[in-house]
Amino acid sequence: MAHLVKMENGQSQTIQEMLGCIERYNPDHLKTLESYVQDQAKNNSYDLEANLAVLKLYQFNPHMLNFDITYTILLKCLTNLPHTDFVMAKCLLLPQQMKDENIQTIIDLADILERADFTLFWQRAEVNRTMFRHITGFHDSIRKFVSHVVGTTFQTIKKDLLKELLGGIEDSTLESWIKRNGWKHQGQDLVVVATQDDKIKTKNITEKIEFENVGALMAQCI
C-alpha cells in the first residue's frame with residue numbers, strides 16, 4: 001500500500017517525493033514514516049532512505065522518539081548486510097537511544113555478524129527471538145549474508161558446519177540453500193562452494209606494438 005504524505009497546501013505526495021524535498025524534516029510527517037517502517041517489517045520490503053529520515057527526525061525532535069520503531073529500523077539494517085546501512089543508522093542515534101538495553105543488544109548482534117561468528121549469532125538470536133519475530137524474512141536475510149561470507153571464504157565446506165552456520169537448519173532447508181546459491185554436493189559430507197577455477201579467472205593479454213614506435217629506441221641501442 002502506498003503511503004501518502006499530506007502537505008500544508010492540501011496536496012498529497014508519496015514518501016519518495018517527500019524525501020526529495022525540505023518536507024523530509026517536517027515532524028508532522030513522522031507518524032506516516034513510522035507506519036511505513038512497520039509495513040517494511042511486515043511485508044519484507046526495505047527503504048533505507050526513509051528509515052534514516054525517521055532517525056534524523058528523532059534527532060531534531062527527541063520528545064517524539066519511538067524506541068520500538070528504532071529497534072525495527074536497526075534490525076532491518078541487519079537484513080541488508082554486507083552493506084553499511086547499520087553503521088549509517090547507528091551514527092544517527094541519540095544518547096538516550098544508545099543507553100537503551102535493547103539497542104545495545106542489537107549493536108552486539110551486528111558486531112557478531114561483522115566478525116562472522118555465526119554460531120554465536122544464532123545462539124544470541126534464539127535468546128532474543130521475540131525482538132525480531134515481527135520482521136518477516138529476518139532469518140533468511142541473515143542466512144543470505146552468511147551465504148555471501150561462505151561463498152567468499154570457502155571452496156568446500158562440511159555439510160554439518162554449513163548447517164550450523166546457517167542457523168542449525170534441517171537437511172531439507174540446507175538443500176534449498178545449496179540450490180539457491182548454485183553450490184554442489186561432493187560425496188556425502190562436503191559441499192563445493194566454488195572451485196579454484198571460479199575464484200581465479202585467467203586472462204590472455206595481447207599487446208600490439210608497431211615497429212615505428214620502437215624504431216628510435218632500437219637505434220639508440222646499436
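- Other members of the cluster containing V127 do not exist, because no ILVMFWY side chain is joined to it at under 4.5 Å.
- Side-chain contact check for H185 versus K159: some heavy-atom pair is nearer than 4.5 Å.
- Considering every non-hydrogen atom in both D47 and Y36, the closest pair reads OD2-OH, 2.8 Å.
- One distance of note links OG1 of T105 with CE of M131; it measures 4.5 Å at 0.5 Å rounding.
- Applying the side chain to side chain donor-acceptor pair (under 3.5 Å) rule to R124 yields no partners; only residues at least two apart in sequence or on another chain are considered.
- One finds the CD1 atom of I15 at 11.0 Å from the CD atom of E17 (value rounded to the nearest 0.5 Å).
- Within the 3.5 Å criterion, the main-chain N or O of K31 finds no donor-acceptor partner in the side chain of S35.
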Show me the side-chain donor-acceptor pairs of residues 52-61 shorter than 3.5 Å, one per line, residues at least two apart or across chains.
{"unit_1": "K56", "atom_1": "NZ", "unit_2": "Q59", "atom_2": "OE1", "d": "3.0"}
{"unit_1": "Y58", "atom_1": "OH", "unit_2": "E34", "atom_2": "OE2", "d": "2.6"}
{"unit_1": "Q59", "atom_1": "NE2", "unit_2": "L92", "atom_2": "O", "d": "3.2"}
{"unit_1": "N61", "atom_1": "ND2", "unit_2": "L57", "atom_2": "O", "d": "2.9"}

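- Under the 4.5 Å side-chain heavy-atom criterion for Ile, Leu, Val, Met, Phe, Trp and Tyr, L94 and Y25 are members of distinct hydrophobic clusters.
- Nearest heavy atoms, M18 versus Q13: CA-OE1, 3.5 Å.
- A 4.5 Å side-chain heavy-atom check between Q38 and T72 finds every atom pair outside the cut-off.
- Atom CG in D28 sits 9.5 Å away from atom OG1 in T32 (nearest 0.5 Å).
- A 4.5 Å side-chain heavy-atom check between D189 and D160 finds every atom pair outside the cut-off.
- Atom CG of L109 and atom CG of L75 lie 7.5 Å apart (nearest 0.5 Å).
- H139 and F132 have perpendicular rings, their planes meeting at more than 60° on a 0 to 90° scale where under 30° would count as parallel.
- Every residue two or more places apart in sequence or in another chain that forms a salt bridge (Lys or Arg N to Asp or Glu O under 4.0 Å) with D171 is listed here: K163.
- Panel note: side chain N66, backbone I69; a donor-acceptor pair is recorded below 3.5 Å.
- Contact detail for K90 and L74: the closest heavy-atom pair is N-CD2, 4.5 Å.
- No path of Ile, Leu, Val, Met, Phe, Trp and Tyr side chains, each step under 4.5 Å between heavy atoms, connects W177 with L190, placing them in separate hydrophobic clusters.
- Residue S176 holds its OG atom at 8.5 Å from NZ of K179, rounded to the nearest 0.5 Å.
- Scanning for side chain to side chain donor-acceptor pair (under 3.5 Å) contacts around E101 gives an empty result, with sequence neighbours left out.
- Every residue two or more places apart in sequence or in another chain that forms a salt bridge (Lys or Arg N to Asp or Glu O under 4.0 Å) with R129 is listed here: E126.
- In terms of the side chain to side chain contact (heavy atoms under 4.5 Å, CB included) criterion, residue partners of T156 (sequence neighbours excluded) are, by chain and number, Q186, V192.
- Looking at H83 and L48, their side chains never come closer than 4.5 Å, going by heavy atoms from C-beta outward.
- Cluster annotation: L30 and L19 are assigned to the same hydrophobic cluster (Ile/Leu/Val/Met/Phe/Trp/Tyr, side-chain heavy-atom contacts under 4.5 Å, transitive).
- With sequence neighbours excluded, no residue forms a salt bridge (Lys or Arg N to Asp or Glu O under 4.0 Å) with E175.
- Nearest heavy-atom pair, L78 versus A110, reported as atom, atom and distance to 0.1 Å: CD2-CB, 3.6 Å.
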*Are N102 and F67 close enough, and set up right, to give a side chain to side chain contact (heavy atoms under 4.5 Å, CB included), and what steps lead you there?*
CA-CA 9 Å; N102 286 333; F67 278 96; over 6 Å; no
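- Listed by first then second residue, pairs satisfying side chain to side chain donor-acceptor pair (under 3.5 Å) with a partner in residues 111-123 read T119-E164, not counting sequence neighbours.
- No chain of hydrophobic side-chain contacts below 4.5 Å, direct or via other Ile, Leu, Val, Met, Phe, Trp or Tyr residues, connects V87 to L93.
- Taking each heavy atom of K76 and A41 in turn, the nearest pair found is CD-CA, 4.4 Å.
- Among I169, L174, V146, the one residue that satisfies the side-chain contact (heavy atoms from CB on, under 4.5 Å) test with L162 is L174.
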_Stepwise salt bridge (charged side-chain N to carboxylate O under 4.0 Å, His left out) test for K42 and D39_ = CA-CA 5 Å; K42 180 180 179 181; D39 276 1; 6.0 Å; no
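- In this structure, L165 and V149 have side chains that are not in contact, with every pair of non-hydrogen atoms separated by 4.5 Å or more.
- In the hydrophobic cluster analysis, where Ile, Leu, Val, Met, Phe, Trp and Tyr join through side-chain heavy atoms closer than 4.5 angstrom, I112 is grouped together with L166.
- In this view, T70 and Q97 satisfy the side chain to side chain donor-acceptor pair (under 3.5 Å) rule, not counting sequence neighbours.
- With sequence neighbours left out, F145 forms a ring pair (Phe, Tyr, Trp, His ring centres under 6.0 Å) with F118.
- Taking CD1 of I73 as the start and CZ of F86 as the end, the distance is 11.5 Å to the nearest 0.5 Å.
- Contact between W183 and V191 at its shortest, heavy atoms only, is CB-CG1, 3.8 Å.
- For D100, the side chain to side chain donor-acceptor pair (under 3.5 Å) test picks out Y71, with sequence neighbours left out.
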